[in-house]
Amino acid sequence: MATPKTQYVCQSCGATFPRWLGKCPSCGGWDTFQEESVAPKAKASASAHRRGTLEPQSLRDIPIESIERTPAGIEELDRVLGGGFVPGSSVLFGGDPGVGKSTLLLQVAGSLAARGLPVLYISAEEAPQQIRMRAHRLELPNSDLLVFGEGDADMGVSWAEKVKPKVVVVDSIQTCRRLTLESAPGTVTQVREVAQIWTDWAKQTGGAVALVGHVTKEGAIAGPRTVEHLVDAVLMFEGDHVGGVRILRSLKNRFGSAGELGVFEMSGKGLSGVKDTSRLFLSERGSPVSGVAVSAIIRGSRPLLIEVQALVTKSYFAAPQRNVTGVDQRRLALWIAVLEKRVGLGLFGQDIFLNVAGGIRLEDAGADLAAAAAIFSSLRDIPLDRDMLLIGEVGLTGEVRAVHGLDRRVAEAAHLAFKRVIVPAVGWKGPAPKGIKVIPVHTLEEVVDLLGG
C-alpha cells in the first residue's frame with residue numbers, strides 16, 4: 001500500500017513546501033509550518049467543462065442588470081453593506097472573540113426569517129440549543145429560521161441546495177472543515193477550501209452567504225489572505241468588552257463604499273444601531289478644560305464629530321514620552337514638529353499624550369487642526385470654547401490645507417448646535433449654515449492667535 005504524500009503548509013501565508021522549514025521563505029514567519037496530507041486531484045466538474053465553452057463578450061453586449069438587494073433589517077449594517085445583501089455575494093465578518101459577531105448575525109437571520117425569507121444558520125461552534133437560548137435572550141420573534149449545528153462544509157452546502165435559502169450564515173470558517181482534507185479545522189488549507197465552497201455556492205445559486213472569521217492577536221483575520229480576495233466584502237467588528245459601543249468598518253466592498261462605518265450599542269437584548277453617532281461620541285463632554293478639541297471627520301458617506309484629547313506635561317525622563325491612542329505615532333511627531341518650527345511652541349522636554357475619545361481610529365487628515373489645537377491648549381492651559389470646531393489638514397510649512405466634504409462636516413457641526421467652526425480658507429466656498437459662524441484660516445499661526453496664543 002502506497003504511503004500517502006504529505007506537504008508542509010505555512011499557517012501565515014499558505015505557502016507549501018515538500019519539507020519542514022524553520023523560517024518561511026515567503027512571509028518570513030518562524031515555526032509556522034504544519035504537515036498536511038496532499039489531497040488527490042479532483043476530476044474536472046461539469047461546470048468547469050461548461051465554463052470552457054463560453055466565449056469572450058464585448059463589454060457593450062453585456063446587459064446591465066439592476067441589483068435587488070436584500071435588506072438585513074438593521075439600518076447601520078445596511079449602511080455598511082451599501083443597502084443590504086447582494087444576491088450571489090459573500091461577506092466576511094471579522095472581529096475579536098466576544099465583540100458581538102454571532103449576536104449581530106443571529107439578529108439579522110432572525111429578522112430575515114421573520115419577514116418570511118428562507119435563512120439557514122450554520123454553527124460549528126455552538127449547539128442548536130445554545131443558539132435557541134441566545135435567540136430567546138435577544139427576544140427574537142419565533143420564526144422558521146433553520147439552524148444546522150454541524151461543521152461539515154460539504155454537508156452544509158448539500159442542505160443549502162435542498163432548502164434554497166436566501167441568506168446563509170456560517171459561524172465560523174475556522175471551525176468548519178471539509179472531510180476530503182485530512183488537515184485539522186482552522187488550518188490554512190481548510191479555511192481556504194471552506195471559504196471557496198461557500199463562495200461558489202453563492203455565485204451558482206444567487207443566494208448570499210455571511211461568513212464569520214476569527215482574528216489573530218495582531219488584529220488580522222486568521223487564515224490566508226486568499227479568503228479576503230475570494231469574498232465580495234470584508235467587514236471588521238471593533239469595540240472593547242467594557243464599553244457598550246461597537247464599530248463595524250468596511251475594509252472591502254465590491255458593491256458599496258469601502259471605509260463605510262456603522263455604530264452599534266450592546267445591551268442585554270443585543271446590538272442596536274446608533275443613528276446620531278456624533279452626539280454619542282460627544283455625550284461625555286463636561287465643563288471646558290484645556291487639551292480638548294472637537295473636529296469633524298468623514299467615514300464612508302457619513303460625517304462624524306469626534307473629540308481629540310491631549311495632555312502635555314513636564315517630563316522627568318531623559319527621553320520625553322509620546323503616547324497615542326487611536327492615532328498613528330508618526331502623525332503625532334509631525335504635529336509636534338510643525339508646532340515647534342512654524343509656531344514656536346517649546347515642546348522639547350514635555351511628555352505628550354494624545355487620545356481620540358470613543359474608540360475611533362483617526363485616519364482622516366481633516367482632524368489635524370484639532371489635534372494641533374489640543375496640544376497647544378494643554379501646553380498653555382487655555383481651555384477651548386465648547387461651541388467651537390476645527391477642521392483642516394496641517395502641512396509641513398504650517399499651512400492649513402483643504403479637505404474633502406467640508407460642507408458636509410460644517411453642516412454636521414451646525415446640526416449639533418456648534419456656533420463657530422475654523423476651516424481652511426482654500427477649501428471653503430460657503431455659504432455657512434444658519435446659526436454657525438465659519439472662520440477661514442490660511443496658516444496654523446492664525447489658528448493659534450485665534451485661540452489666544
Side-chain angles (χ1 to χ4, degrees), residues 70 72-74 77 85 89-114 117-179 181 184-187 190-202 205 207-215 221-223 227 231 233-237 246 248 264 266 269-271:
T70 302
I74 299 177
L77 176 58
F85 291 102
S89 67
S90 52
V91 183
L92 178 61
F93 289 80
D96 293 328
V99 76
K101 304 183 299 295
S102 300
T103 299
L104 177 64
L105 289 177
L106 182 57
Q107 288 181 247
V108 171
S111 174
L112 294 172
L117 300 176
V119 183
L120 178 62
Y121 192 101
I122 298 176
S123 175
E125 299 183 357
E126 296 179 287
Q129 292 79 7
Q130 292 175 293
I131 298 175
R132 180 67 180 90
M133 292 173 60
R134 178 182 294 177
H136 178 72
R137 177 175 59 83
L138 298 176
E139 298 182 0
L140 297 181
N142 292 324
S143 60
D144 294 328
L145 171 63
L146 298 176
V147 178
F148 184 61
E150 173 59 44
D152 186 349
D154 295 280
M155 188 180 298
V157 171
S158 298
W159 276 110
E161 292 175 348
K162 292 179 182 178
V163 301
K164 296 179 173 56
K166 195 78 172 179
V167 176
V168 173
V169 177
V170 180
D171 189 6
S172 66
I173 57 173
Q174 277 82 14
T175 53
C176 289
R177 67 197 184 282
R178 298 197 68 182
L179 298 182
L181 303 174
T187 57
Q190 285 283 9
V191 171
R192 182 177 60 241
E193 290 299 315
V194 170
Q196 183 69 66
I197 193 175
W198 279 114
T199 52
D200 289 344
W201 172 86
T205 64
V209 58
L211 306 172
V212 176
H214 296 166
V215 297
I221 296 177
V227 175
V231 299
V234 179
L235 309 184
M236 185 65 71
F237 225 176
R246 303 288 189 272
L248 184 65
F264 300 84
M266 175 68 81
K269 296 183 180 180
L271 290 160

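For the single chain, residues carry numbers from 1 onward in sequence order. Note: hydrogens, waters and symmetry copies are ignored here, and every other heavy atom, side chains too, is used.
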**Prompt:** Can you find a heavy atom in the side chain of Arg137 that is under 4.5 Å from one in the side chain of Arg134?
**Reply:** yes
**Request:** With side-chain contact (heavy atoms from CB on, under 4.5 Å) as the test, would you mind laying out the steps for Val215 and Met236 before giving the verdict?
**Result:** CA-CA 10 Å; Val215 297; Met236 185 65 71; 4.1 Å; yes
**Request:** Provide the closest heavy-atom pair for Ala208 versus Phe85 in the form atom of the first, atom of the second, distance.
**Result:** CB-CB, 3.9 Å
**Prompt:** Say you draw a straight line from OG1 of Thr205 to NZ of Lys164; how long is it, rounded to the nearest 0.5 Å?
**Reply:** 9.5 Å
**Non-hydrogen atoms of Ala153 and Ile197 that approach each other most closely** = CB-CG2, 4.2 Å
**Request:** For Leu179 and Asp154, run side-chain contact (heavy atoms from CB on, under 4.5 Å): C-alpha distance rounded to whole Å, both residues' side-chain angles, the deciding distance at 0.1 Å, then the answer.
**Result:** CA-CA 8 Å; Leu179 298 182; Asp154 295 280; 5.5 Å; no
**Fill in**
Here the gap from Met155 atom CE to Phe148 atom CZ, rounded to the nearest 0.5 Å, amounts to 5.5 Å
**Message:** Between Gln174 and Val191 (side chain of the first, backbone of the second, donor and acceptor by atom type, cut-off under 3.5 Å), is there such a pair?
**Reply:** no
**Any donor-acceptor N/O pair, Lys269 side chain to Leu140 backbone, under 3.5 Å** = no
**Asked** How far does CD1 of Ile122 sit from OG1 of Thr175, to the nearest 0.5 angstrom?
**Response** 11.0 Å
**Prompt:** How far apart are the closest heavy atoms of Gly100 and Leu271, and which atoms are they?
**Reply:** O-CD1, 3.6 Å
**Item:** Reference residue Val91; test side chain to side chain contact (heavy atoms under 4.5 Å, CB included); the match among Leu235, Val231, Val234, Leu211
**Value:** Leu235
**Prompt:** Counting only N and O atoms by type, is there a donor-acceptor contact under 3.5 Å from the side chain of Lys101 to the main-chain atoms of Gly95?
**Reply:** yes
**Prompt:** Got a donor-acceptor contact below 3.5 angstrom from the Ser111 side chain to the Gln107 backbone?
**Reply:** no
**Asked** Looking only at heavy atoms, what is the nearest atom pair of Ala124 and Gly151, with distance?
**Response** CB-CA, 3.6 Å
**Distance (rounded to the nearest 0.5 Å) between Asp171 CG and Leu105 CG** = 7.0 Å
**Message:** Quick check: do Leu117 and Thr70 have side-chain heavy atoms less than 4.5 Å from each other?
**Reply:** yes
**Request:** Please assess Tyr121 against Ser102 for the test side-chain contact (heavy atoms from CB on, under 4.5 Å), listing each intermediate value before the final yes or no.
**Result:** CA-CA 10 Å; Tyr121 192 101; Ser102 300; 4.1 Å; yes
**Asked** With no hydrogens and no angle check, is any side-chain donor or acceptor of Arg246 less than 3.5 Å from a backbone partner on Phe237?
**Response** no
**Complete:** What one should report as the nearest heavy-atom pair of Gly207 and Ala202 is O-CB, 3.3 Å
**Prompt:** Do side-chain atoms of Glu193 reach the backbone of Arg178 as a donor and acceptor pair under 3.5 angstrom?
**Reply:** no
**Side-chain heavy-atom pair Val108, Val119 within 4.5 angstrom cut-off** = no
**Request:** Would you check if Ile173 and Leu92 make a side-chain contact, meaning some heavy-atom pair closer than 4.5 Å?
**Result:** yes
**N/O donor-acceptor pair under 3.5 Å between Gln190 side chain and Thr187 backbone** = no
**Prompt:** Out of curiosity, Leu146 CG to Lys162 NZ, how far, rounded to the nearest 0.5 Å?
**Reply:** 12.5 Å
**Asked** Of all heavy-atom pairs between Glu126 and Gln130, which one has the smallest distance, and what is that distance?
**Response** CA-OE1, 3.3 Å
